[in-house]
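Just so we're on the same page: letters track the sequence lines, and every chain starts at 1.
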Amino acid sequence: MSKSRQVIVESPEAVVGKKFVTIYYMGKKYRVPAGLTVMKALEYAGYRFIRGVGCRGGFCGACSMAYRLPGDYKLRTGLACQTVVVDGMIIAQFPYTPMHKPRYRIDDMKPDAGLVIKLFPEVTRCIECNACTKACPQGLEVMDAIQTILRGDLARAADMVFDCIACGLCSLRCPAEIRHPHLFQLVRRLYGKYMAPKAKHVEERVREILEGKYDEELDKLVELAKTNVEALKKMYMEREIEK
Amino acid sequence: MIGYPPELRELIKVVEETREERMEQVMKRLSLEERDELVHRWHPDYRKDTKRPLRIGPNKGEIVYNEIADLLEAWPAEDPDEVDLSKIDYDVDVLVIGGGGAAAAATLWAIYSDVEPDNIVIATKLRFGDANTVKAQGGIQAADRPNDSPAIHFLDTFGGGHFANKPELVRALVTDAPFIIKWLEDLGVMFDKTGEGEMIENAGGGASRKRLHAARDYTGLEIMRVMRDEVWNYGVRILEFQPAIELLTDPETGEVSGALLWNMETGEYTIVRSKVTILTTGGFGRLHLAGFPTTNHYGATADGIVMAYRVGANLRDMDSAQFHPTGVAWPEAIVGELITEKCRGLGAHLVNVEGRRFIRELEPRDVVASAIIRECAEGRGVVTPTGRCAVWLDLPLIDIINGPGTIKRYLPAMYRQFMRQGIDITREPVLTYPTLHYQNGGIEIDPYTHVLRPDGSWIKGLLAAGEVTGGVHGKNRLMGNSLLDITVFGRRAGITAAKIVGEKASKPKISLAHVKRYMAELEKLGIPRTRRAPKILPDYRGKHVLERYINILY
Ligand SMILES: Cc1cc2nc3c(=O)[nH]c(=O)nc-3n(C[C@H](O)[C@H](O)[C@H](O)COP(=O)(O)OP(=O)(O)OC[C@H]3O[C@@H](n4cnc5c(N)ncnc54)[C@H](O)[C@@H]3O)c2cc1C
Ligand code: SF4
Ligand code: SF4
């Protein structure tokens with residue numbers, strides 16, 4: 001049993017079962033082990049990715065893809081590192097979404113939807129088709145967030161799009177050509193900087209540190225660390241642990 | 001996806017039946033001796049077969065993981081005699097190598113310290129932000145609550161690191177911490193707060209106070225994307241898919257003077273000359289030390305270690321790696337991915353096949369990982385449908401203890417990750433086993449991020465920050481101290497870089513002289529020429545394909 005832990009899991013051969021499925025990657029057919037993600041399955045099939053791969057854990061949005069399942073007209077979207085292969089699925093990747101990011105000085109901004117719309121004028125062209133929401137692999141209410149921005153409620157919008165990983169799939173589907181990831185980034189920063197209440201205790205601690213309140217204690221700890229680790233170990237073991 | 005098969009559903013019943021009883025149970029804190037014993041017996045760091053003494057370079061004779069030795073005892077990717085150094089493609093003040101959090105912080109603070117944005121180049125392997133940083137979920141430490149202090153943070157960090165940390169670095173880490181939180185808040189990072197603005201701070205393994213600041217369980221993503229947005233706003237030149245493959249040095253002074261980049265898509269090289277080079281290439285998870293799966297991003301292949309070693313940098317604590325106690329062990333699709341420590345901070349139990357807890361869940365990571373490995377090795381683990389061994393992490397407890405909705409609100413990434421596999425963590429426990437997570441050691445630096453030789457002297461022109469460095473965390477990093485590390489030392493690197501730029505009147509010369517010297521040593525040792533480094537990317541192509549591979553186009 002203890003042996004099993006030494007298998008390199010990223011090499012699917014090491015662990016694949018007997019079941020295989022057929023997938024079509026940009027029109028080409030491959031037999032791959034069932035149960036793998038699209039990304040691992042394509043690697044098994046011989047691909048070595050440079051584009052279209054990043055964190056491999058659903059956080060970076062580099063591996064956007066679109067696919068269809070057999071007998072289903074629906075064009076689905078997802079992340080290659082999170083989506084498990086299905087027999088007969090046909091797949092294409094979108095490793096890049098072209099879009100310019102407007103530059104701004106956050107210090108000169110205000111938490112005002114008008115300013116946001118000035119930088120992203122296309123927002124007003126939203127036709128409420130909901131294609132963005134359907135495309136979002138994070139399951140966010142993207143259209144509602146756009147409408148919330150248009151209504152001027154930046155705080156609510158920031159909360160709604162907090163989990164955005166900037167995969168760009170919504171923007172690719174959007175008939176209004178909205179640059180959602182950059183837009184949402186600005187909205188969140190405006191909220192975090194200007195609307196969320198400030199942490200006064202952090203400010204207070206920074207002040208104490210600048211005043212040198214902890215210098216002596218820290219000097220002593222550094223000195224002990226260099227000359228008397230045993231004493232430090234004792235302090236460590238005896239320190240109180242907050243429940 | 002299907003969720004749990006019937007065999008596993010049966011076993012889950014044991015977890016459910018014992019839940020109430022376990023909630024009453026208080027797990028004992030281990031003594032230092034008990035911790036040591038557990039770790040020595042079960043942790044991969046102490047296995048004889050995982051490491052060997054280095055045969056080459058500044059740390060010759062020191063013990064490192066085999067996979068690291070393989071890379072250090074390897075030939076360069078380029079032939080130095082074939083590289084034309086007469087044409088410089090980018091001639092700048094500051095070159096930042098890497099595209100994670102340390103890179104972004106260094107860039108911003110170089111700019112704040114008066115380096116012209118036009119005089120900075122960022123060269124990174126994938127896209128800017130494709131890095132370990134965006135995967136960090138749990139949080140970032142800073143001692144800013146009234147019952148806490150930088151001194152307590154120091155003690156926690158030092159003890160967690162087995163008292164092997166470099167004290168000056170820990171001091172810098174804990175002292176700058178509250179300032180960093182404030183800076184990030186001012187940039188617009190959306191930390192979890194109460195209605196009055198007080199930070200909601202969680203418990204973390206090895207930390208004696210609640211001091212983990214989080215942004216749901218997307219903390220690293222939130223910090224990275226805000227800093228990245230700011231770097232973009234300054235219009236800094238960012239070269240993506242152009243990793244560095246070698247540093248350049250001035251043949252007369254030996255100082256670092258830029259880097260050789262390689263365009264991954266076209267294969268051509270590019271030459272950058274710089275007054276200061278900041279190395280922020282992150283960790284080594286994708287080397288799969290001791291055969292473990294990893295939580296790390298695709299580009300975590302220790303390239304920075306290889307490049308710095310060739311210019312004479314001292315490496316420290318490379319005999320120790322952090323295995324995160326709770327990696328996903330099933331389903332296969334997401335094996336090795338992280339189940340954040342925040343889950344245990346919020347009260348989730350580790351439970352063996354018999355339904356018993358076997359360790360205080362918030363012991364330091366190496367201790368908890370060792371305990372899980374022990375449970376499996378001694379037959380108290382659950383064997384997964386793909387033949388791995390694992391223990392349960394009882395996640396539904398989180399909502400039971402903290403109230404319904406806690407998981408969805410504070411662990412949306414975790415919830416999503418398992419929901420996509422048909423597992424609802426508000427109702428079902430998950431299977432977990434340690435996974436390779438963090439490079440504890442690395443390039444030795446001083447508190448100003450100067451890279452040091454074994455004799456303690458500076459390698460001029462070279463700074464380093466983040467996971468690529470060693471000393472901050474000793475032999476074991478505490479959760480939340482790494483996001484802090486990259487911002488604290490990234491910032492310091494930016495400030496130091498600006499200072500060096502200000503002092504350096506003329507641009508240094510560039511050469512690959514140090515590489516030639518290294519090659520002479522490799523030649524003497526008879527290292528086969530097929531062994532090359534840096535590695536740049538892991539290779540997961542199927543064996544059946546590689547057996548029939550013909551290389552025509554490259
Ligand atoms: C899943 C996960 C969860 C984590 N959770 C937490 C947490 O909750 N709290 C915490 O404090 N820490 C956490 N950590 C650790 C923390 O995220 C990382 O240690 C930290 O972000 C490292 O930052 P970095 O900038 O040093 O490296 P990275 O963020 O890894 O950035 C390194 C960059 O360098 C690039 N690069 C690599 N080689 C080259 C090359 N040759 N040339 C150019 N560029 C190169 C990479 O592609 C990448 O962009 C977690 C880590 C992981 C993987
Ligand atoms: S909102 Fe758009 S960019 Fe963000 S995760 Fe959803 S689809 Fe991707
Ligand atoms: S896809 Fe574009 S137009 Fe349609 S609802 Fe979303 S934002 Fe509006």
Discussion item. Quick check on A:Phe49 against chain B: is it the side chain, the backbone, both or neither that has a heavy atom closer than 4.5 Å?
Written reply: both

Worksheet item: Quick one: what part of B:Val134 sits under 4.5 Å from any heavy atom of chain A, side chain, backbone, both or neither?
Response: both

Response to the item:
Comparing B:Thr175, B:Asn165, B:Asp176, B:Ile152 against chain A, the one with the most heavy-atom pairs below 4.5 Å turns out to be B:Thr175

Worksheet item: Parallel, tilted or perpendicular: which describes the rings of B:His544 and A:Tyr44, with under 30° parallel and over 60° perpendicular?
Response: tilted

Item to complete: Please state whether the side chain, the backbone, both or neither of A:Gln185 comes within less than 4.5 Å of a heavy atom of chain B.
Response: side chain

Discussion item. Tell me if the aromatic rings of A:His180 and A:Phe120 count as close, with their centers under 6.0 Å from one another.
Written reply: no

Worksheet item: Which bit of B:Ala413 is near chain A, if near means a heavy-atom gap under 4.5 Å: side chain, backbone, both or neither?
Response: side chain

Worksheet item: Of the listed residues (A:Lys200, A:Gln138, A:Lys213, A:Lys193), which shares the most heavy-atom pairs with chain B below a 4.5 Å separation?
Response: A:Gln138

Item to complete: For atom CZ of A:Arg156, decide whether the heavy atoms of other residues, nucleotides or ligands shown that lie under 6.0 angstrom number more than 12.
Response: no

Response to the item:
Of the listed B:Leu187, B:Leu221, B:Ile334, the one with the largest count of heavy-atom pairs under 4.5 Å with chain A is B:Leu187

Fill in: Closest-packed option against chain B by number of heavy-atom pairs under 4.5 Å, given A:Asp219, A:Leu42, A:Leu218, A:Thr37
A:Leu218

Worksheet item: For residues B:Asp229 and A:His182, is any side-chain donor paired with an opposing acceptor at under 3.5 Å?
Response: no

Worksheet, complete the sentence: When the 4.5 angstrom heavy-atom criterion is applied to A:Lys233 and chain B, the contacting part is both

Item to complete: Below 4.5 Å from any heavy atom of chain B, which atoms of A:Glu208 appear? Answer side chain, backbone, both or neither.
Response: neither

Fill in: Leading residue by heavy atom contact count with chain B [cutoff under 4.5 Å; candidates A:Val32, A:Asp163, A:Ile106, A:Leu190]
A:Asp163

Practice prompt. Anything under 30° is parallel, anything over 60° is perpendicular, the rest tilted; go ahead and classify B:Phe154 against B:Phe158.
Written response: parallel

Fill in: Portion of A:Tyr104 that has a non-hydrogen atom of chain B nearer than 4.5 angstrom
both

Practice prompt. Please look at A:Pro102 and chain B and tell me whether the side chain, the backbone, both or neither of the residue comes under 4.5 angstrom of a heavy atom of that chain.
Written response: backbone

Discussion item. Can you tell me which of B:Arg35, B:Glu240, B:Met224 forms the most heavy-atom pairs within a distance under 4.5 Å of chain A?
Written reply: B:Arg35

Practice prompt. Can you tell which part of B:Pro385 gets under 4.5 Å to a heavy atom of chain A, answering side chain, backbone, both or neither?
Written response: neither

Fill in: Value rounded to 0.5 Å, distance of CG in B:Asp192 from NE2 in B:His213
10.5 Å

Item to complete: Determine the option with the most heavy-atom pairs under 4.5 angstrom with chain A, choosing from B:Ile181, B:Asp186, B:Leu126.
Response: B:Asp186

Practice prompt. Please report the closest heavy-atom contact between B:Asn296 and B:Leu436, naming both atoms and the distance.
Written response: ND2-O, 4.2 Å

Item to complete: Please state whether the side chain, the backbone, both or neither of B:Ile200 comes within less than 4.5 Å of a heavy atom of chain A.
Response: neither

Worksheet item: Considering only heavy atoms, which portion of B:Thr194 lies under 4.5 Å from any heavy atom of chain A: side chain, backbone, both, or neither?
Response: backbone

Discussion item. So for B:Arg225, is it side chain, backbone, both, or neither that comes closer than 4.5 Å to the heavy atoms of chain A?
Written reply: both

Discussion item. Only pairs of heavy atoms separated by less than 4.5 Å count here; which of A:Glu204, A:Arg239, A:Lys243, A:Lys226 has the most with chain B?
Written reply: A:Arg239

Worksheet entry | Per-residue contact mode, A:Ile209 against chain B (heavy atom under 4.5 angstrom) | side chain

Worksheet item: In terms of ring plane angle, is the pair B:Tyr298 and B:Tyr540 parallel, tilted or perpendicular, where the classes change at 30° and 60°?
Response: tilted

Worksheet item: For A:Lys198, is it the side chain, the backbone, both or neither that has a heavy atom under 4.5 Å from a heavy atom of chain B?
Response: both

Worksheet entry | Distance-only donor-acceptor check, side chains B:Ser208 and B:Asp156, under 3.5 Å | yes

Worksheet item: How about A:Glu211: does its CD atom have over 12 heavy atoms from other parts shown lying under 6.0 Å from it?
Response: yes

Practice prompt. For the pair B:Arg127 and B:Asp130, find out whether any cationic side-chain nitrogen is under 4.0 Å from an anionic carboxylate oxygen.
Written response: yes

Worksheet item: Do we see a donor-acceptor contact under 3.5 Å between the side chains of A:Thr22 and A:Arg31?
Response: yes

Discussion item. Heavy-atom pairs under 4.5 Å with chain A - which of B:Lys182, B:Lys135, B:Glu198 has more of them than the others?
Written reply: B:Lys135

Worksheet item: Picking from B:Glu222, B:Glu196, B:Arg29, B:Lys193, which has the most non-hydrogen pairs under 4.5 angstrom with chain A?
Response: B:Arg29

Worksheet, complete the sentence: Ranking A:Tyr191, A:Tyr236, A:Tyr96 by heavy-atom pairs under 4.5 Å to chain B gives rank one to A:Tyr236

Worksheet item: With distance as the sole criterion, is a donor-acceptor pair present between the side chains of B:Asn147 and B:Lys210 under 3.5 Å?
Response: no

Worksheet item: So, A:Tyr30 versus A:Tyr47, ring centres under 6.0 angstrom or not?
Response: yes

Discussion item. Using heavy-atom distances under 4.5 Å, tell me whether B:Tyr234 contacts chain A through its side chain, its backbone, both, or neither.
Written reply: both

Worksheet item: Are A:Arg51 and B:Glu265 ion-paired here, with the side-chain N under 4.0 Å from a carboxylate O?
Response: yes

Worksheet entry | A:Ala45 versus chain B, the contacting section by heavy-atom distance below 4.5 Å | backbone

Worksheet, complete the sentence: Note: vs chain B, highest number of non-hydrogen pairs under 4.5 angstrom among A:Ala225, A:Gly46, A:Gly139 is A:Gly46

Fill in: Donor + acceptor pair across side chains of B:Tyr218, B:Gln137 (<3.5 Å)
no

Practice prompt. Locate the shortest heavy-atom distance separating A:Lys40 from B:Glu332; write the atom from each residue and the value.
Written response: NZ-O, 3.4 Å

Practice prompt. Against chain B, label A:Glu217 side chain, backbone, both or neither, depending on which of its atoms sit under 4.5 Å from a heavy atom there.
Written response: side chain

Worksheet item: Where does B:Ala203 contact chain A at under 4.5 Å (heavy atoms): side chain, backbone, both or neither?
Response: neither

